[in-house]
S.K.: 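Supplied in structure tokens, the structure appears directly below.
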Protein chains: 2
Amino acid sequence: MNTTDILKSHDIKKTPGRIAIVKALQESELPLSENEIKIQMEEMYDRITFYRNMQVLASAGIVHKIVIDNTIIKYGLSCCGQEHRHQNEHAHFYCEKCHSVVCLKEVRIPDYQLPSGYKLFDSDIIIKGACEKCSH
Amino acid sequence: MNTTDILKSHDIKKTPGRIAIVKALQESELPLSENEIKIQMEEMYDRITFYRNMQVLASAGIVHKIVIDNTIIKYGLSCCGQEHRHQNEHAHFYCEKCHSVVCLKEVRIPDYQLPSGYKLFDSDIIIKGACEKCSH
DNA sequence: ATTGCAAGTGAAACAATGTTGCAAATATAG
DNA sequence: CTATATTTGCAACATTGTTTCACTTGCAAT
Ligand SMILES: [Mn+2]
Ligand SMILES: [Mn+2]
Ligand SMILES: [Zn+2]
Ligand SMILES: [Zn+2]
């Protein structure tokens, strides 16, 4: 699916900033930070517009925000067409050496046994360690 | 274990600010935010000292920082005497209605199957939903 | 009890991340 | 092409966290 079709299929206006964000994520193997996306966008980047567009893209389910801790945040492209929050769920890996983030699509989120009366909406799993390149 | 013994057993100097933080957490069933602790500390609270003391208490394993997302952060008292990061590990529950956080000590962290070559150090699990009081 | 000093404190200044209000610009439907 | 609802970008603000540095304090040795 090409960049502009992704936006069109979600009824989101096709603007240069949004196209640039989605393109940057499509061209990357891994989720990217704001700064990494900013570099791809060059002089087109505007902080305020970026945050607003990220919110639009995230609530449409086009991207997912990955919060490692309160200072390290990455954005990953979701498999499109799946906008419900329970779909497309998976764990994320954070390499404490090279600071890369990997979507672990094969690591599914288990059905946790919650105390009685509790209702589950969603879960976030961050697995920290060393990636293949960094674990020698 | 009383408040000052906790500090002494970790070789951490017993200062009014640290005692107040630990006391606030001991008197609470649930993990607390900075602001909730600040209220307990009254005029003794100082932002810079708070952050520095929290870092000391966290790296000693006396408290653990719970990052729900980049704006919601809580601090929970750890079972003391266990300072290694792999001990005392458990999932955390965040109620999206009343914004409370609960340590789910009974929800153990499973052994995730990582891709080959990856090394695991630590994991954070945040389960979001509605708590017992809020799920009717 | 007094003293010495390493450790801790708090003010000021800075940095990163994110939000809101508003006027100007623009994407898209008709 | 035009109308209009949406989007943009600036200014200003809010929150969270860090660094530097002079001053104070906890605590252990005397
Ligand atoms: Mn992902
Ligand atoms: Mn906990
Ligand atoms: Zn790595
Ligand atoms: Zn609740």
Side-chain angles (χ1 to χ4, degrees), chain A residues 2-24 31-39 41-60 62-75 94 99 101 126, chain B residues 2-24 31-39 41-60 62-75 94 99 101 126:
Chain A
N2 72 45
T3 314
T4 67
D5 286 346
I6 290 174
L7 296 174
K8 206 188 289 181
S9 70
H10 285 271
D11 265 312
I12 288 172
K13 279 194 184 168
K14 191 182 99 181
T15 65
R18 291 171 183 175
I19 293 166
I21 290 172
V22 174
K23 215 164 231 163
L32 300 176
S33 66
E34 175 178 353
N35 198 52
E36 289 163 338
I37 296 169
K38 171 185 173 178
I39 290 164
M41 293 175 77
E42 292 173 24
E43 71 289 333
M44 172 199 289
Y45 167 85
D46 171 81
R47 247 165 46 77
I48 293 99
T49 305
F50 176 87
Y51 286 122
R52 275 192 288 225
N53 281 336
M54 266 309 178
Q55 224 164 268
V56 168
L57 295 172
S59 59
I62 295 169
V63 305
H64 55 286
K65 187 174 175 177
I66 306 157
V67 180
I68 300 302
D69 65 37
N70 42 323
T71 59
I72 302 171
I73 289 147
K74 299 261 184 169
Y75 301 92
Y94 173 67
H99 311 289
V101 170
I126 306 294
Chain B
N2 71 45
T3 313
T4 68
D5 286 347
I6 290 175
L7 296 175
K8 205 187 289 181
S9 70
H10 286 270
D11 264 312
I12 289 173
K13 278 195 184 168
K14 190 181 98 181
T15 66
R18 292 171 184 176
I19 293 167
I21 290 172
V22 174
K23 214 164 233 162
L32 301 176
S33 66
E34 174 178 353
N35 197 54
E36 289 163 338
I37 296 170
K38 172 185 174 178
I39 290 164
M41 293 176 76
E42 293 172 22
E43 72 288 333
M44 171 199 290
Y45 167 86
D46 171 81
R47 245 164 49 75
I48 293 100
T49 305
F50 177 87
Y51 287 122
R52 274 192 290 225
N53 280 336
M54 266 308 179
Q55 225 164 268
V56 168
L57 295 172
S59 59
I62 296 170
V63 305
H64 55 284
K65 186 173 174 177
I66 306 157
V67 179
I68 300 302
D69 66 38
N70 42 324
T71 58
I72 302 171
I73 290 146
K74 299 262 184 169
Y75 301 92
Y94 172 66
H99 311 289
V101 170
I126 305 293

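Naming: A, B, ... by sequence-line order, numbering from 1 per chain.
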S.K.: In whole angstroms, how far is the P atom of D:dT8 from the CE atom of A:M41?
M.R.: 9 Å
S.K.: If you pin A:I72 and A:K14 to their nearest nucleotides in DNA chain C, which one's is more 5'?
M.R.: A:I72
S.K.: Considering every strand and a 4.0 Å limit on heavy-atom distances, what is the contact class for B:K38: base, sugar-phosphate, or nothing?
M.R.: nothing
S.K.: Kindly give the heavy-atom pair with the smallest separation between B:I37 and B:A24, and that separation in Å.
M.R.: CG2-CB, 4.3 Å
S.K.: Can you work out whether B:N70 or B:V56 has the more 5'-proximal nearest nucleotide on DNA chain C?
M.R.: B:V56
S.K.: Nearest whole Å is fine: how far is C:dT9 C1' from B:Q55 CD?
M.R.: 15 Å
S.K.: Using a heavy-atom cut-off of under 4.0 Å over every strand shown, decide if B:R18 touches base, sugar-phosphate, or nothing.
M.R.: sugar-phosphate
S.K.: Which atom names give the shortest non-hydrogen contact between A:A60 and A:I12, and what distance separates them?
M.R.: CB-CD1, 3.5 Å
S.K.: To the nearest Å, how far apart are B:I21 CD1 and C:dT9 C1'?
M.R.: 13 Å
S.K.: Closer than 3.5 angstrom, by distance alone: can the side chain of A:R18 be matched with the main-chain N or O of A:K13 as a donor-acceptor pair?
M.R.: yes
S.K.: Is any side-chain nitrogen or oxygen of A:K8 closer than 4.0 Å to OP1 or OP2 of C:dA29?
M.R.: no
S.K.: Any donor-acceptor pair under 3.5 Å between the side chain of B:R47 and the base of C:dG10?
M.R.: no
S.K.: If you find the nucleotide of DNA chain D closest to B:T15 and the one closest to A:G17, which residue's nucleotide is nearer the 5' end?
M.R.: A:G17
S.K.: A:T49 has a side chain; which of C:dG18, D:dT8, C:dA11 sits nearest to it?
M.R.: D:dT8
S.K.: When the distance from CG of B:D69 to C1' of C:dT17 is rounded to whole Å, what number comes out?
M.R.: 12 Å
S.K.: If I take atom CZ in residue B:F50 and atom P in nucleotide D:dT18, what distance separates them, rounded to the nearest angstrom?
M.R.: 11 Å
S.K.: Write down the distance between CD (A:E34) and P (C:dA15), rounded to a whole number of angstrom.
M.R.: 17 Å
S.K.: Any donor-acceptor pair under 3.5 Å joining the side chain of B:R52 to the base of C:dG10?
M.R.: yes
S.K.: Does A:Y75 form a side-chain hydrogen bond (donor to acceptor under 3.5 Å, both in side chains) with A:H64? I'd like the steps, not just the answer.
M.R.: CA-CA 6 Å; A:Y75 301 92; A:H64 55 286; over 6 Å; no
S.K.: Name the residue closer to the 5' end of DNA chain D, choosing between B:I48 and B:K13 according to the nucleotide with the nearest heavy atom.
M.R.: B:I48
S.K.: Taking CG from B:D11 and P from C:dA7, how many angstroms apart are they, rounded to a whole number?
M.R.: 11 Å
S.K.: Between C1' on D:dG9 and CG on A:N53, what's the gap in Å once rounded to a whole number?
M.R.: 12 Å
S.K.: When you check the gap from the basic side-chain N to the acidic O, do A:K74 and A:E36 get nearer than 4.0 Å?
M.R.: yes
